[in-house]
Amino acid sequence: MRVVALLHSGISISLGQWTIHWSTVLGLGALGALYLWRARKGAAGGEVTPPTVAQRISFFAGLVLIFLSLNGPLHDLSDYYLFSAHMVQHLLLTLVAPPLLLAGTPGWMLRPALRQRVVGSTARWLTRVATSYLIFNVVLAAWHLPVLYNTAMAYHPVHIAQHLTFMVAAVLMWWPLMSPLPELPRLAYPGQLLYCFLMMIPMSIVAIYITMADVSLYPAYAAAPRMWGLSPMEDQLIGGLIMWVPGSLFFLGVMSVVFFKWQARDSDETAGAQVGWAPASSRA
């Protein structure tokens, strides 16, 4: 079934035919192979617990999601037609795939690297809350400046660098919420709530800048063949709203999860304290 007839450069989007970039296949395949090798090596040593089935599913789901974001119809729509599709792609690469990868990675897999002095000190600096927050939001804002964004659209190696920096910065951004290593700890629950709230502000500012612009910021999309009757300005407006609304709602959802986990922990601690301090007669 053909979704759109004519892409510039002679490419067409079809549900039955996928455009595959083999650099992504090789990179994701290498990550998956490294994960399986570390899991097998750790299990053979007998000193650690191998990744659970849920962890393996989470990690490889993250890899599959990255593959689906950077290949096939979504990639083609993003690169050749719609700014709004590119925003969907960016949200998947920064807000969905990284937490899946972190949730699927046991801390012991990463611990040997921290024993290297340079790696350990660099990792401790990069995963500080202020550093993680600053890096992600600077990367996000910088790449959406017209001069850098348009350069990425014009030169494929720059586009690859854009996506790589998005994903690396996103892993750092998620670290204070999902760190698998006590040596590089997570924030306490109140800090996580504040962190998520503050994370919405820079993204919203960038989204408002795009949404409220009265000129086309990204000429590559203004010159692209039109799809679904969307004008370049309508496409840009929708793209800004995609970053703004779903992006903010995503962090609100994370805040809800954090809040309920915090309450559940406090309830367990309260119940435990009550049992522990109950008089002997009441425990008989």
Side-chain angles (χ1 to χ4, degrees), residues 27 62 66 69-70 78-79 83-102 118-179 181 184-187 191-213 217-221 236 239-252 254-255 258:
I66 294 172
S69 300
L70 298 178
S78 303
D79 275 22
F83 174 75
S84 51
H86 215 164
M87 293 304 98
V88 172
Q89 183 189 60
H90 288 176
L91 290 183
L92 292 175
L93 292 176
T94 57
L95 299 187
V96 185
L100 287 173
L101 297 178
L102 282 173
V118 174
V119 174
S121 60
T122 302
R124 282 188 288 273
W125 180 76
L126 288 174
T127 56
R128 290 176 182 172
V129 175
T131 307
S132 301
Y133 181 89
L134 186 63
I135 288 175
F136 176 77
N137 287 298
V138 167
V139 167
L140 177 75
W143 278 118
H144 286 90
L145 292 173
V147 61
L148 290 182
Y149 195 103
N150 293 326
T151 301
M153 293 299 295
Y155 300 100
H156 190 61
V158 180
H159 203 169
I160 293 174
Q162 180 191 55
H163 287 158
L164 287 175
T165 53
F166 271 146
M167 288 186 283
V168 171
V171 169
L172 293 176
M173 181 270 287
W174 280 101
W175 199 272
L177 302 172
M178 299 187 65
S179 169
L181 282 167
L184 306 173
R186 304 179 186 186
L187 280 169
Q192 290 186 27
L193 290 174
L194 178 60
Y195 181 78
C196 288
F197 173 76
L198 294 176
M199 193 60 67
M200 292 189 293
I201 298 174
M203 183 177 289
S204 295
I205 292 173
V206 174
I208 291 170
Y209 162 72
I210 294 171
T211 303
M212 299 300 181
L217 299 173
Y218 310 114
Y221 294 109
Q236 184 171 287
L241 290 174
I242 287 172
M243 180 190 291
W244 191 356
V245 179
S248 297
L249 290 176
F250 193 92
F251 281 110
L252 288 174
V254 174
M255 291 172 69
V258 170

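What's counted below: heavy atoms across the whole structure, side chains too, no hydrogens, waters or symmetry copies.
Taken from CG in L91 to OG in S69, the straight-line distance is 10.0 Å, to the nearest 0.5 Å. Here the straight-line distance linking atom CE of M255 with atom CG of L194 works out to 8.5 Å at 0.5 Å rounding. Interatomic distance, H163 NE2 to I66 CD1, rounded to the nearest 0.5 Å: 11.5 Å. Put simply, CE on M200 and CG on L198 are 8.5 Å apart, with the number rounded to the nearest 0.5 Å. Of the inter-residue distances, the one linking M199 atom CE with N137 atom CG reads 5.0 Å to the nearest 0.5 angstrom. Here the CD1-CE distance, from I208 to M203, works out to 12.5 Å after rounding to the nearest 0.5 Å.
Residues M167 and L101 fail the side-chain proximity criterion, which asks for heavy atoms closer than 4.5 Å. Side-chain contact between F136 and L172: absent, with no pair of heavy atoms (C-beta onward) separated by less than 4.5 Å. In this structure, the side chains of I242 and F83 stay at 4.5 Å or more apart for every pair of heavy atoms. Side-chain contact between Y133 and P202 is present, with heavy atoms from C-beta onward closer than 4.5 Å. Q89 is listed as a side-chain neighbour of L70, based on a closest heavy-atom distance under 4.5 Å. Side-chain contact between V119 and T122 is absent, with no heavy-atom pair separated by less than 4.5 Å.
What you find for A152 and H159 is that their closest heavy atoms are O-CB, 3.2 Å. Considering every non-hydrogen atom in both H144 and F166, the closest pair reads CE1-CZ, 3.8 Å. The nearest pair of heavy atoms linking L184 to T127 is CD2-OG1, 3.8 Å. Between M173 and Y195, the shortest heavy-atom contact is O-OH, 2.6 Å. The shortest non-hydrogen separation linking L187 to G191 is CD1-O, 3.6 Å. Across P98 and W174, no two heavy atoms sit closer than the pair CB-CD1, 3.8 Å.
One N or O on the side chain of T151 and one on the backbone of V147 form a donor-acceptor pair closer than 3.5 Å. The backbone N or O of L126 lies less than 3.5 Å from a partner atom in the side chain of S132, making a donor-acceptor pair. For S121 (side chain) and V118 (main-chain N/O), a donor-acceptor pair under 3.5 Å exists by modelled atom type. Checking side-chain atoms of Y209 against main-chain N and O of L145 turns up no donor-acceptor pair under 3.5 Å. Of the possible donor and acceptor atoms, none in the side chain of S204 sits under 3.5 Å from a partner among the backbone N and O of W244.
Side-chain N/O atoms of Y221 and H86 include a donor and acceptor closer than 3.5 Å.
Under the rule for a side chain to side chain donor-acceptor pair (under 3.5 Å), the partners of W143 that lie at least two apart in sequence or sit in another chain are T165.
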